[in-house]
Amino acid sequence: MTSCEPDRNLALELVRVTETAALAAGRFMGRNDKNGSDEAAVEAMRLMLNSIEMEGTVIIGEGEKDDAPMLFNGEKLGTGNPPEVDIAVDPIDGTRLLALGRANALATVAVADRGSMFDPGPFVYMQKIAVGPSAKGAIDVEASPLENLNRIAHAKRCGVDDLTVVVLDRPRHEQLLAELRATDARIRLITDGDVAGAVMTAWPESGIDVLMGVGGTPEGVLSACALQCMGGELQGKLWPRNGEEIQRGEAMGYDFDVVLGMEDLVRSDNCFFAATGITDGELVNGVKYYGNGARTHSLVMRSTSGTVREIATRHRWEKLMRFSNIANGKD
């Protein structure tokens, strides 16, 4: 009789990272202080990432796109011991949501084998489409919205009028929205947070079937890691903002015509993803503070096993103050 020793699940350590970032950032809900909340989340996340037994390199630092406090691309994190991994972070997915006290702000982090994550370089936007497991293999980022909706409806054995599409509310989506409104599908416009939007496509309770449109490339890589764990799919194409970006990309060896599939965005079946709610949303509840502590709600995923865990955690107040610079809600 042979025995199989369970290997290490980094996701169960990463949730401490997102919990800490959410606890620090949650104090800023509705304060309209994007940089303050970003800085609190980043510093909390850096502190906890450096406590994990790994040799990590930040591939996706996210804040560079927003000119905000960040974990720097190329930054080394962890104890410096194996395993060697790539790291993607978005300390606050939905900074504006948090600043305005709106739903669906998350703290997110993903880790995968070294060299497996797509490095978008300076190109911060991509056209993308994402679905959950029931529509995996049915999508094509180069096809029309109607064709994709027909394929998704066929895969899910439903009508197009049963589908709900999530789209970032941006002027660049005027044509996309016109095409979607010509179908029978329902549309959910979100102001920010397209990691949450992509993950919701694989979360049946969310009621979201597909994400479409142009969003952040860093968020695309993070979303691909989550969907790899959940059995979903994301396709994307880099979306240059102007001719200068096209010339720069071509000089750097990027191809703006190539379709980036799951195997391009994260070339590993050994990736881990964690997200903790900062404000309440369809995926997870936000941070709740009370007299002597706080409560968080997180999703924790691993692709190798396909496990998706929901973790509700109670935190003691005296420990929280190590990570938040706003005591008892007062400056």
Side-chain angles (χ1 to χ4, degrees), residues 13-52 56 58 60-73 75-78 87-111 191-193 195-196 216 218-219 222 273-281 283-299 311 313-331:
E13 299 174 58
L14 292 175
V15 72
R16 295 170 57 234
V17 175
T18 55
E19 285 175 348
T20 304
L23 289 167
R27 287 294 185 190
F28 289 82
M29 188 176 77
R31 291 171 177 253
N32 200 27
D33 184 358
K34 293 182 181 179
N35 278 353
S37 60
D38 264 327
E39 184 176 3
V42 164
E43 290 309 312
M45 192 168 271
R46 179 179 283 117
L47 174 70
M48 298 307 293
L49 282 168
N50 277 326
S51 74
I52 297 177
V58 176
I60 303 292
E62 219 312 295
E64 197 163 334
K65 173 170 73 76
D66 302 319
D67 192 26
M70 69 178 105
L71 289 154
F72 296 92
N73 292 348
E75 184 174 348
K76 304 295 183 182
L77 295 169
I87 302 172
V89 299
D90 192 349
I92 304 175
D93 176 49
T95 308
R96 178 163 50 178
L97 299 176
L98 175 61
L100 299 177
R102 293 176 178 168
N104 288 318
L106 301 173
T108 65
V109 64
V111 164
T191 58
D192 297 274
V195 174
E219 290 89 343
L222 274 159
F273 177 89
T276 299
I278 304 175
T279 60
D280 287 338
L283 283 173
V284 284
N285 297 320
V287 179
K288 302 295 188 297
Y289 299 96
Y290 44 88
N292 62 349
R295 185 174 69 249
T296 57
H297 184 201
S298 305
L299 295 180
I311 297 180
T313 308
R314 292 183 180 272
H315 308 264
R316 289 166 48 198
W317 176 253
E318 65 268 21
K319 303 296 183 182
L320 300 186
M321 298 320 302
R322 296 169 53 199
F323 311 121
S324 175
N325 62 0
I326 299 181
N328 295 314
K330 299 177 181 178
D331 293 333

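Although no hydrogens or angles enter the test, the distance criterion places a donor-acceptor pair under 3.5 Å between the side chain of Lys288 and the main chain of Gly286. With hydrogens and angles ignored, the 3.5 Å screen pairs no side-chain donor or acceptor of Asn292 with any backbone N or O of Arg316.
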Assess whether side chain to side chain contact (heavy atoms under 4.5 Å, CB included) is satisfied between His315 and Thr296, documenting all intermediate values. CA-CA 8 Å; His315 308 264; Thr296 57; 2.8 Å; yes
Criterion side chain to side chain contact (heavy atoms under 4.5 Å, CB included) on Ser51 and Glu13, from CA distance to verdict: CA-CA 9 Å; Ser51 74; Glu13 299 174 58; over 6 Å; no
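Taking all atoms of both residues into account, the shortest heavy-atom contact from Val42 to Pro91 is CG2-CG, 3.7 Å. In this structure, Ile87 and Gly56 approach most closely via the heavy-atom pair CD1-CA, 3.7 Å. Here the closest non-hydrogen pair linking Ala22 and Tyr289 is O-OH, 4.0 Å. Minimum interatomic distance between Ala294 and Val287 (heavy atoms only, all atoms of both residues): CB-CG1, 4.3 Å. In terms of heavy-atom proximity, Glu19 sits nearest to Ile311 at OE2-CG2, 4.3 Å.
Looking at Thr276 and Ile278, their side chains never come closer than 4.5 Å, going by heavy atoms from C-beta outward. Within the 4.5 Å cutoff, the side chain of Lys34 has no heavy atoms near those of the Phe28 side chain. Put simply, the side chain of Ser37 reaches to within 4.5 Å of the side chain of Ile92, judged on heavy atoms.
Summarising the geometry, atom CG belonging to Asp93 is positioned 12.5 Å from atom OG1 belonging to Thr18; distances are rounded to the nearest 0.5 Å. One finds the CZ atom of Phe273 at 6.0 Å from the CG atom of Leu222 (value rounded to the nearest 0.5 Å). The OG atom of Ser298 lies 10.5 Å from the CG atom of Asn285; values are rounded to the nearest 0.5 Å. With values rounded to the nearest 0.5 angstrom, Leu77 atom CG is found 11.5 Å from Phe72 atom CZ. Of the inter-residue distances, the one linking Met48 atom CE with Arg16 atom CZ reads 3.5 Å to the nearest 0.5 angstrom.
Salt bridge status for Glu43 with Arg46: present, with a side-chain N to carboxylate O gap under 4.0 Å. Using a 4.0 Å cut-off between charged nitrogen and carboxylate oxygen, Asp33 and Arg27 do not count as a salt-bridge pair.
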Can I get a per-line list of side-chain donor-acceptor pairs under 3.5 Å for residues 96-110, giving both atom names and the distance, sequence neighbours left out?
residue, atom, partner, partner atom, Å
Arg96, NE, Asp192, OD2, 2.8
Arg96, NH2, Thr191, O, 3.4
Arg96, NH2, Asp192, OD1, 3.2
Arg96, NH2, Asp192, OD2, 3.3
Asn104, OD1, Glu282, N, 3.1
Asn104, ND2, Glu282, OE1, 2.8
Thr108, OG1, Asp90, O, 3.2

